[in-house]
Amino acid sequence: MFNPPKVWLAPAKINLFLHINSKRKDGYHNLQTIFQLLDYYDELQFSVTDQGTINRASGNENVTPESDLIIRAAKLLQKNTHTQLGCDISIVKHIPAGGGLGGGSSDAATTLVALNHLWNTNLNQQQLMALGLELGADVPIFINAQSAWAEGVGEILSPVNTPNHYFLVVFINQHTSTSEIFSHKALTMSPMIGKISDFSELVNTHNDCLQAAIEQTDEIRLALEQLNHCTNLIGKARMSGTGSCVFAEFSTQNDALAAFKKMPKEWMSFTAQAINTSPILKWAVAKR
C-alpha cells in the first residue's frame, strides 16, 4: 500500500524520431516513434470531495474547463466507474503547451492514475490506458509510464532503456497546428523501420512532420540551426512530435547547460535528463 504523494508529477516527453507510415481509414496515422520521458514536470494536486463535482481550483486559466484535458480526464473516469466522489484540482504548469512535449496528455494521464487511487476506483493499467486513448493518442504512453517504442497511433508500446543523456529543449514561443501538419502537402511518409532491434537512433532520426512544421513557422528551422552549432552535440538537433519544440542531445549535464546559456532569450529553453520510468509508474501498476 503506497501513501499518495501530496504533489503528483506529469513528465514531458520528446520523440527521438517520428516516422509516419500510413493514413488510416479513421483519419489517424500509423506511426513509429520512440517516446523519451524527461525529468521535467507539471505539478498536480488533488483534493477529494464527496460532492461529485470536478473543480479546477487553480492553474490552466488560459484553457476553458470544457477543453482542459485534466477536467475531461477526471470526468471520464468518474463516468466510467460511477463514483459519487468529486475533486478539486490544482496544477502548476512548466511544460509549454502546444510544443510537441505532450504536457496536456501527461497531465491527463497523471489525473487518471491519481484519481483511480484517491477515489478507490480500482481500474488496472490497461483499463486506464484504454480510457486515456479516448482523450488522445499520446495519453496511453504516459499511463504506461515508461519510455517506449511506439507503433499504431502511438498506443502499441514496448518499453525501451535509453541512455540517461541530457537534453536542451527549445520552445520558440509559437504553436504549430497538428491537424494542419497531418494534412499538409509537405508531410512525408516513411516505410516501416522494422523491429526495435533494427533501430539505430542516430541513423533514423528523421521526423516526417518537420518540413510541414517549418512551412508553418520558419523559426523552427532557425532554432535547429542554432542548436546544431552547439559544442559536443550528439547527432543532430531534432524536432519533437509535430512541433514546435526542438531539442539537442548531450552526454553530460555541463554540455547541455553550456548550450543553454547560448540560446536567444526570446525563446523558452530548459535542460532535462532522460528517464526511463515516470514517477507515477508504481501507481499505474499498483494492485489493491
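Each of Leu85, Asp88, Thr83, Asn120 was scored for a side-chain contact (heavy atoms from CB on, under 4.5 Å) with Val48, with one residue passing: Leu85.
Atom CG in Asn164 sits 12.0 Å away from atom CD in Gln253 (nearest 0.5 Å). Atom CD of Glu215 is separated from atom CG of Leu210 by 10.0 Å, given to the nearest 0.5 angstrom. Taken from NE2 in His117 to CG in Leu115, the straight-line distance is 10.5 Å, to the nearest 0.5 Å. Atom-to-atom distance recorded for Met268:CE and Ile172:CD1 is 13.0 Å, nearest 0.5 angstrom. In this structure, CG on Leu44 lies 9.0 Å from OG on Ser90, to the nearest 0.5 angstrom. Glu249 CD to Thr162 OG1: the interatomic distance, rounded to the nearest 0.5 Å, is 8.5 Å.
Checked by atom type and distance alone, the side chain of Arg238 pairs as donor or acceptor with a backbone atom of Leu16 at under 3.5 Å. Using a distance-only test at 3.5 Å, with no hydrogens or angles considered, a donor-acceptor pair links the side chain of Ser278 to the main chain of Ile280. Judged purely by atom type and a 3.5 angstrom limit, Asp39 has no side-chain atom pairing as donor or acceptor with the backbone of Ile275. Using modelled atom types, one side-chain atom of Asn207 and one backbone atom of Met239 make a donor-acceptor pair closer than 3.5 Å. Panel note: side chain Asp255, backbone Asn232; no donor-acceptor pair is recorded below 3.5 Å. Using modelled atom types, one side-chain atom of Gln125 and one backbone atom of Ile143 make a donor-acceptor pair closer than 3.5 Å. Side chain of Gln216 to main chain of Ile214: no donor-acceptor pair is present (N/O by atom type, distance under 3.5 Å, no hydrogens or angles). Distance alone, capped at 3.5 Å, is enough to place a donor-acceptor pair between the Lys13 side chain and the Gly100 backbone. Although no hydrogens or angles enter the test, the distance criterion places no donor-acceptor pair under 3.5 Å between the side chain of Ser240 and the main chain of Val246. Between the side chain of Asn228 and the backbone N or O of Leu224 there is at least one donor-acceptor pair closer than 3.5 Å.
Leu69 and Val63 sit in two unconnected hydrophobic clusters of ILVMFWY residues. Membership requires side-chain heavy atoms under 4.5 Å apart, directly or through other members. Under the 4.5 Å side-chain heavy-atom criterion for Ile, Leu, Val, Met, Phe, Trp and Tyr, Trp149 and Ile14 are members of the same hydrophobic cluster. Using a 4.5 Å cut-off between side-chain heavy atoms of Ile, Leu, Val, Met, Phe, Trp and Tyr, with links allowed through other members, Tyr166 and Leu233 fall into different hydrophobic clusters. Leu257 is not connected to Val169 by any chain of hydrophobic side-chain contacts under 4.5 Å among Ile, Leu, Val, Met, Phe, Trp and Tyr, and they are in different clusters.
Side-chain contact between His175 and Thr217 is absent, with no heavy-atom pair separated by less than 4.5 Å. Proximity of Ser106 to Asp42: side-chain heavy atoms (C-beta onward) are nowhere separated by under 4.5 Å. Looking at heavy atoms from C-beta onward, Trp283 lies out of side-chain contact with Thr110 at the 4.5 angstrom threshold. Looking only at side-chain heavy atoms (C-beta outward), Tyr41 and Pro279 come within less than 4.5 Å of each other. Using a 4.5 Å heavy-atom cutoff, the side chains of Leu112 and Leu135 are in contact. Considering only heavy atoms from C-beta on, His206 comes within 4.5 Å of Thr188 through its side chain. Residues Gln273 and Leu38 form no side-chain contact, since every pair of their non-hydrogen atoms from C-beta on lies 4.5 Å or further apart. A heavy-atom distance below 4.5 Å is not found between the side chains of Ser58 and Ile91.
Side-chain contact annotation: His19 with Asn21, donor-acceptor N/O pair under 3.5 Å absent. Between the side chains of Ser147 and Gln36, at least one donor N or O lies within less than 3.5 Å of an accepting N or O. A side-chain N or O of Trp267 and one of Glu219 form a donor-acceptor pair less than 3.5 Å apart.
Shortest non-hydrogen contact noted between Ser244 and Phe171 is OG-CE1, 3.4 Å. Across every non-hydrogen atom of Leu77 and Asn116, the tightest pair is CD2-N, 3.6 Å. Shown here for Lys93 and Asp107, the closest heavy-atom pair between the two residues is NZ-OD2, 3.1 Å.
Heavy-atom neighbours of Gln84 CD from other residues, nucleotides or ligands within 6.0 Å: at or below the threshold of 12. Atom NE2 of His94 sits in a crowded spot, with more than 12 heavy atoms from other residues, nucleotides or ligands closer than 6.0 Å.
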### Message
Test side-chain contact (heavy atoms from CB on, under 4.5 Å) on Thr111 and Phe46; report intermediate values, then the result.
### Response
CA-CA 8 Å; Thr111 298; Phe46 304 89; 3.8 Å; yes
### Query
Between Ser269 and Lys262, does a side-chain contact (heavy atoms from CB on, under 4.5 Å) hold up when you go through it step by step?
CA-CA 10 Å; Ser269 304; Lys262 297 179 180 179; over 6 Å; no
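Between Phe247 and Phe167, the ring-plane angle classifies as perpendicular under the 30° and 60° cut-offs.
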